Amino acid sequence: MRMVKVPLGNRSYNILIGRGLLARLGAECSKLQLGRRCAIISDRNVAPRFAKAAQRSLVQAGFDSFLITVPAGETAKSIKSVQACYDQLANCRLERKSFIVALGGGVVGDLAGFVAATYLRGIAFVQVPTTLLAQVDSSVGGKVGVNLKAGKNLVGAFYQPRVVLCDFATLKTLPDREYRAGLAEVIKYGIIYDASLFRLLEREMPKLLKRDEKILAAVVARCCEIKADVVGQDETESGLRAILNFGHTIGHALEAISGYGKYLHGEAISIGQVAAASLSSRLSGLPADDVERIAKLFHRAGLPIQVKLNPVQLNQLCAAMKLDKKVSAGEIKFVLAQKIGKVEFGQKVPESLVRETLNRKP
Ligand SMILES: NC(=O)c1ccc[n+]([C@@H]2O[C@H](COP(=O)([O-])OP(=O)(O)OC[C@H]3O[C@@H](n4cnc5c(N)ncnc54)[C@H](O)[C@@H]3O)[C@@H](O)[C@H]2O)c1
Ligand SMILES: [Zn+2]
């Protein structure tokens, strides 16, 4: 088992990475000095597979656990689900010392974390991420929240979990498309922070696609280390944390204009990162060779690297980029790369250049 610490003073916590961690959930929760009662929040795909094992482990450690199941998919990240969770927590008489276990992908983690942050003005929560994306990204760092009709993640909080358990065994049942989408965030860490991780991914992509546990362990741990390092320096995104948004300005806009259905998040940011790499070669000195390596690696991971937009869609995409909550004073800011492993945030990019980049033929 590997362990990564997220250094946040008295809110520091560990990320445990390994196989069989679900069976250790109860033992790990025992170390946190919490109350006896807890609720597992999960979704309809994950609960039938893993909730029993989670409950067994909690019961063995002396906890009383209740299971709350929400629908699967992005629509569960809503105020309506939050309300349903609050009602069930109250019915199960969860109190200040009680805690919540988020068992699922990023949707469940963001929802359950937000419920934990606000129920009784905040009770403890534990993350048990079951998608690759959630293991390397969403379960770490404390951003929790839900969507509004007006946009994604518009209601939320910074609220850190008490421990994160990444059990590879849970990834076995993840559909291939979801797994590949997680790889888009993995590759991102190489581009923004670690050229040797990027090279490892170039070497080991075939094994990684086969979910080889040895490689997966090393890769998940390294991604968590990078995220922990960034979040440890800038928890609330006043600066550095913005680098985690590499490829996300275009990616988020693409998700928004295609109605959050056509592309998975990882697919949209794969296209977004390849476009950001092109922009970087024009604006921040990223060598053309590196642009090519980046596009190639996403392609080898089975991810889309280009999008064909008609003029109407291109206008919609630019409008959506300006609506993104990362825009300040109407200016579109990008994270751009200088080389693989090094990026800078807050870079102004003229809209005309974004249009030109997205219009380019392969
Ligand atoms: N908080 C953050 O910092 C942060 C960062 C990145 C993304 N996010 C959020 O994360 C969400 C996306 O997360 P996601 O990609 O994990 O999606 P998800 O939670 O919707 O999971 C994807 C699908 O896989 C299913 N699933 C999950 N685990 C499974 C397993 N082990 N076996 C079989 N099926 C399984 C789910 O039921 C769902 O249908 C988005 O809402 C995004 O905004 C948050
Ligand atoms: Zn992302």
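Keep in mind that this is a model prediction, so the values were computed, not measured. Whatever order the structure lists them in is the order used to number ligands and atoms, beginning at 1.
Ligand 1 has no N or O atom lying under 3.5 Å from any N or O atom of Arg241, backbone or side chain. Inclusion of Gly104 in the set of residues having an N or O under 3.5 Å from an N or O of ligand 1 is not warranted. The shortest N or O to N or O distance between Glu185 and ligand 1 is not under 3.5 Å. Looking at ligand 1, you'll find an N or O of Thr130 within less than 3.5 Å of one of its N or O atoms. For the pair Thr170 and ligand 1, the shortest N or O to N or O distance falls below 3.5 Å.
Residue contacts with ligand 1 for Arg44 are absent, since no atom lies close enough (heavy atoms, distance under 4.0 Å). Only the side chain of Asn153 comes within 4.0 Å of ligand 1, judged by heavy-atom distances.
Under the side-chain contact (heavy atoms from CB on, under 4.5 Å) rule, Val136 has a single partner from Val186, Ile15, Ile226, which is Val186. Between Glu267 and the options Arg180, Arg177, Lys262, a salt bridge (charged side-chain N to carboxylate O under 4.0 Å, His left out) holds for only Arg177.
Interface atoms of ligand 1 facing Ala72, defined by a heavy-atom separation under 4.0 Å, are 37 (O).
Put simply, Asp137 stays out of reach of the Zn ion (ligand 2), with no N, O or S atom under 2.8 Å from it.
Ion pairing of Arg241 with Glu235 is absent here, as no side-chain N (NZ or NE/NH1/NH2) approaches a carboxylate O to less than 4.0 Å. Under 4.0 Å is where a charged nitrogen must lie from a carboxylate oxygen, and between Asp137 and Lys227 at least one such pair does. Salt bridge absent: Glu202 and Lys296 never bring a charged side-chain N and a carboxylate O closer than 4.0 Å.
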Lys143 and Asn153: CA distance, side-chain angles, deciding distance, side-chain hydrogen bond (donor to acceptor under 3.5 Å, both in side chains) verdict: CA-CA 9 Å; Lys143 277 193 186 175; Asn153 300 325; over 6 Å; no

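Evaluated by nearest non-hydrogen atom to atom 9 (C) of ligand 1, the leading choice among Asp167, Asp110, Leu174 is Asp110. Between the choices Val70, Val108, Val46, Thr131, the shortest heavy-atom distance to atom 21 (O) of ligand 1 belongs to Thr131. Closest to atom 4 (C) of ligand 1 by heavy atom, among Gly105, Ala47, Ser138, is Ser138. Of the listed residues (Gln127, Lys172, Lys152, Arg49), the one carrying the non-hydrogen atom nearest atom 42 (C) of ligand 1 is Lys152.
For the pair Arg162 and Phe125, the cation-pi test (distance below 6.0 Å, angle within 45°) is failed.
Aromatic ring centroids of Phe334 and Phe345 lie 6.0 Å or more apart.
Using a non-hydrogen distance threshold of 4.0 Å, Lys227 registers as a contact of ligand 1.
Taking the Zn ion (ligand 2) as reference, Glu185 places its N/O/S atom OE2 nearest.
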